[in-house]
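Basis for what follows: all heavy atoms, side chains included, without hydrogens, waters or symmetry-related copies. What you see is a predicted model, and the numbers here were worked out from it, not measured in a lab.
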Amino acid sequence: ADLRLDRAQIEALLADVGERDLTLAQVILNRSAGWAAAAVLMVANAHAGVDMGTGGVDGASLQASEVDIDAFLRSEILHQLDPELQRFVLETALLDSLDVASCAAVAETNRAAELLEEARRRGLLERVVPLATADSSGITMRYHDRIAGFLRAELAAQSEPADLAGLHRRAASVSSPMRAIDLLLDIGDVSAAASAVTDVGRTLIETPGGRVPRSWLARFDANQLASEPWLALLSSLAAIEDGDIGMAAGRLAPVVDAMRDQQDRAGLVRSAYGLAETHLARGEVAEAAALIDELVRMDTTPDERVKVLMAQLWLDYFGGDWDAVGAGLDEAFALAFTSCSELGRCTLALGLGTEFLFAPRGTQWLQDHCAELALRIRSDAMALTSLEVIQAAAHLVEGDLSRAEELAEGIDERALELGSLNWLAMASDRVRLGLALAQGDLRRLDAIVDAARQVLGTSDRHHQERAMY
């Protein structure tokens, strides 16, 4: 049976005991993870802690209810299991999903099928994937979130450090890469975790729209990052995406040197390109030019060549060499349409700027090529939205203000989905700035300028966004 309650069901429980502060429902849902027994205990304790004068709830009552839940789980569930099953559920709680093979590997038992079925029969598990066969080996299950958290805490309290580390490593060996990294980080196995983060991270950055989880990178200190060039590279690329140019620049310089020493071509292309980006964002054109020149002379794949071309295009733009900009655009689009993978096409889409509408080929040429590129990109929303920015600016240049406004509104919606300050919102404001100027809308113009001043006055990050303003 499904042990989860939703917010509406918890609100009904609160109403049954005369508790009308329904904001409590979300608090209880969050703390109980929807587990029915936990939610019932929390409702009872919350009701007992009500201040009848104000209608408020004593916060300690909810905290106490969590202690009550742990005590209930310990006495009424865990201690009711025989020693073999008790150890089995404690050890396999490290897994996010349970099947016979993974449980057998972690618990080192040949009775995993029987023990898994007994845990299911006792209501500790919920099904993740419907049964594929009638055989219990086809079951994929998971512990309820609240139960899993309790079991993991009990396992840590009952185990010797060396034994616990061994269990985490066994669980990591049969878990998804994402879960394996968390398990290794939890026991402080920095070397193994760094290797796993690097393996997964390299795949993610070669995937259109892929992002390395910041929570992983935050678990490594500066010394650990410095000892692992690829890990430092992944951290630096994340910093660039997040607008922290200063941090990225400081980390990337030694990474570029390390990649040269190791003759790691892929790592050198990524790190030198990233470092060139930081130089360009700071207006350090000569330093960027030296790195880009090195990249131009390297033997690269079509996808990498597009990345190098985008860096060269911006360098040529800042240098006022419009003929070189035009030639670079020709080559980049030709590669995107003939030789590149989805990654290369998205790299081109994300690297284009509205400035290139004034290249020798003209606005219509770039508009047409961006429309063709959009048709060849399958699903990367960020890349497609970047192309919409070009289209919106092109319509603005051509005097089609209503179409430019329509596209800008769609860009705003996607920018909101990203949250916080991001380059899509800034790019949309550039289009709106042009619209305000074209329409003589001084009130709108002042609002955009005021927003820009606020960013300049309050942000010590997002240097790229400030430069764009």
Side-chain angles (χ1 to χ4, degrees), residues 177-178 181 193-222 224-260 262 264-282 284 287-288 291-292 294-295 298 300-301 303-312 314 341-351 380-383 386 418 420-424 461-465 467-468:
M178 300 279 194
I181 289 167
S195 178
V197 169
T198 296
D199 288 343
V200 176
R202 292 182 68 164
T203 299
L204 287 172
I205 64 173
E206 295 298 330
T207 304
R211 284 170 58 87
V212 179
R214 287 9 181 201
S215 59
W216 293 351
L217 300 172
R219 300 282 287 274
F220 299 95
D221 62 32
Q224 292 163 345
L225 290 171
S227 67
E228 300 282 348
W230 261 99
L231 189 62
L233 173 55
L234 294 172
S235 176
S236 301
L237 296 178
I240 291 174
E241 288 179 1
D242 296 341
D244 198 338
I245 301 302
M247 178 184 290
R251 289 178 180 171
L252 278 172
V255 171
V256 170
D257 292 336
M259 295 301 183
R260 286 195 191 107
Q262 296 173 9
D264 186 331
R265 184 192 57 77
L268 180 55
V269 170
R270 282 280 184 179
S271 57
Y273 177 83
L275 187 55
E277 277 190 290
T278 68
H279 285 310
L280 285 173
R282 292 170 151 190
E284 299 162 351
E287 292 85 347
L291 288 163
I292 293 169
E294 179 180 4
L295 290 169
M298 290 178 61
T300 53
T301 66
D303 288 347
E304 290 169 342
R305 177 62 181 168
V306 167
K307 183 176 286 291
V308 173
L309 281 169
M310 298 317 298
Q312 183 68 55
W314 283 105
S341 70
E342 177 85 350
L343 180 65
R345 291 189 287 272
C346 291
T347 298
L348 174 55
L350 291 166
D380 190 314
M382 185 77 78
S386 179
L418 294 174
S420 187
L421 185 64
N422 59 77
W423 70 269
L424 279 180
R461 296 162 62 90
H462 301 281
H463 300 276
Q464 290 170 308
E465 285 80 356
M468 187 175 288

Worksheet item: Say you draw a straight line from CG of Leu233 to CG of Leu225; how long is it, rounded to the nearest 0.5 Å?
Response: 11.0 Å
Worksheet item: Among all residues two or more places apart in sequence or in another chain, which pass the side-chain hydrogen bond (donor to acceptor under 3.5 Å, both in side chains) test with Trp314?
Response: none
Worksheet, complete the sentence: For residues 195-208, the side-chain hydrogen bond (donor to acceptor under 3.5 Å, both in side chains) pairs (sequence neighbours left out) are Glu206-Arg270
Discussion item. Which heavy atom of Val200 sits nearest to which heavy atom of Pro177, and what is that distance?
Written reply: CG2-CB, 3.4 Å
Fill in: Partner set under side-chain hydrogen bond (donor to acceptor under 3.5 Å, both in side chains) for Ser271, not counting sequence neighbours
none
Discussion item. Tell me if a side-chain donor or acceptor on Ser235 pairs with a main-chain N or O of Leu231 at a distance below 3.5 Å.
Written reply: no
Worksheet item: In chain order, what residues pass the side-chain hydrogen bond (donor to acceptor under 3.5 Å, both in side chains) check against Asp380, with sequence neighbours excluded?
Response: none
Worksheet item: Is the shortest heavy-atom distance from the side chain of Arg219 to the side chain of Ile181 under 4.5 Å?
Response: no
Discussion item. Determine whether Arg305 and Val308 satisfy the following criterion, side-chain contact (heavy atoms from CB on, under 4.5 Å), listing intermediate values before the conclusion.
Written reply: CA-CA 5 Å; Arg305 177 62 181 168; Val308 173; 4.3 Å; yes
Discussion item. Is the shortest side-chain heavy-atom distance between Glu294 and Arg260 below 4.5 Å?
Written reply: yes
Discussion item. Rounded at 0.5 Å granularity, tell me how far CG in Leu268 sits from OG1 in Thr300.
Written reply: 11.5 Å
Worksheet item: Is there a side-chain contact between Pro213 and Leu204 (heavy atoms, below 4.5 Å)?
Response: yes
Worksheet entry | Residues in side-chain hydrogen bond (donor to acceptor under 3.5 Å, both in side chains) contact with Arg265, at least two apart in sequence or another chain | Glu304
Fill in: Intermediate values then yes/no, side-chain contact (heavy atoms from CB on, under 4.5 Å), Trp216 and Leu234
CA-CA 11 Å; Trp216 293 351; Leu234 294 172; over 6 Å; no
Worksheet item: For the atom pair CG (Asp257) and CD (Gln262), what is the distance rounded to the nearest 0.5 Å?
Response: 11.0 Å
Worksheet item: Looking at Ala311 and Ile292, what are the two nearest heavy atoms and their distance?
Response: O-CD1, 3.5 Å
Item to complete: Walk me through it: do Leu252 and Ile240 pass the test side-chain contact (heavy atoms from CB on, under 4.5 Å)?
Response: CA-CA 11 Å; Leu252 278 172; Ile240 291 174; 4.0 Å; yes
Fill in: Separation of Glu284 CD from Leu275 CG (nearest 0.5 Å)
9.0 Å
Worksheet item: Do Arg251 side-chain atoms and Ala249 backbone N/O form a donor-acceptor pair below 3.5 Å?
Response: no
Give the table of side-chain donor-acceptor pairs shorter than 3.5 Å for residues 344-351, with sequence neighbours excluded, one pair per line with atom names and distance.
| from | atom 1 | to | atom 2 | distance (Å) |
| --- | --- | --- | --- | --- |
| Arg345 | NE | Arg376 | O | 3.2 |
| Arg345 | NH1 | Cys340 | O | 2.9 |
| Arg345 | NH2 | Glu342 | OE1 | 3.4 |
| Thr347 | OG1 | Leu343 | O | 2.8 |

Discussion item. Check this for me, if you would: do Lys307 and Glu277 make a salt bridge, where the nitrogen-to-carboxylate-oxygen distance has to be below 4.0 angstrom?
Written reply: no
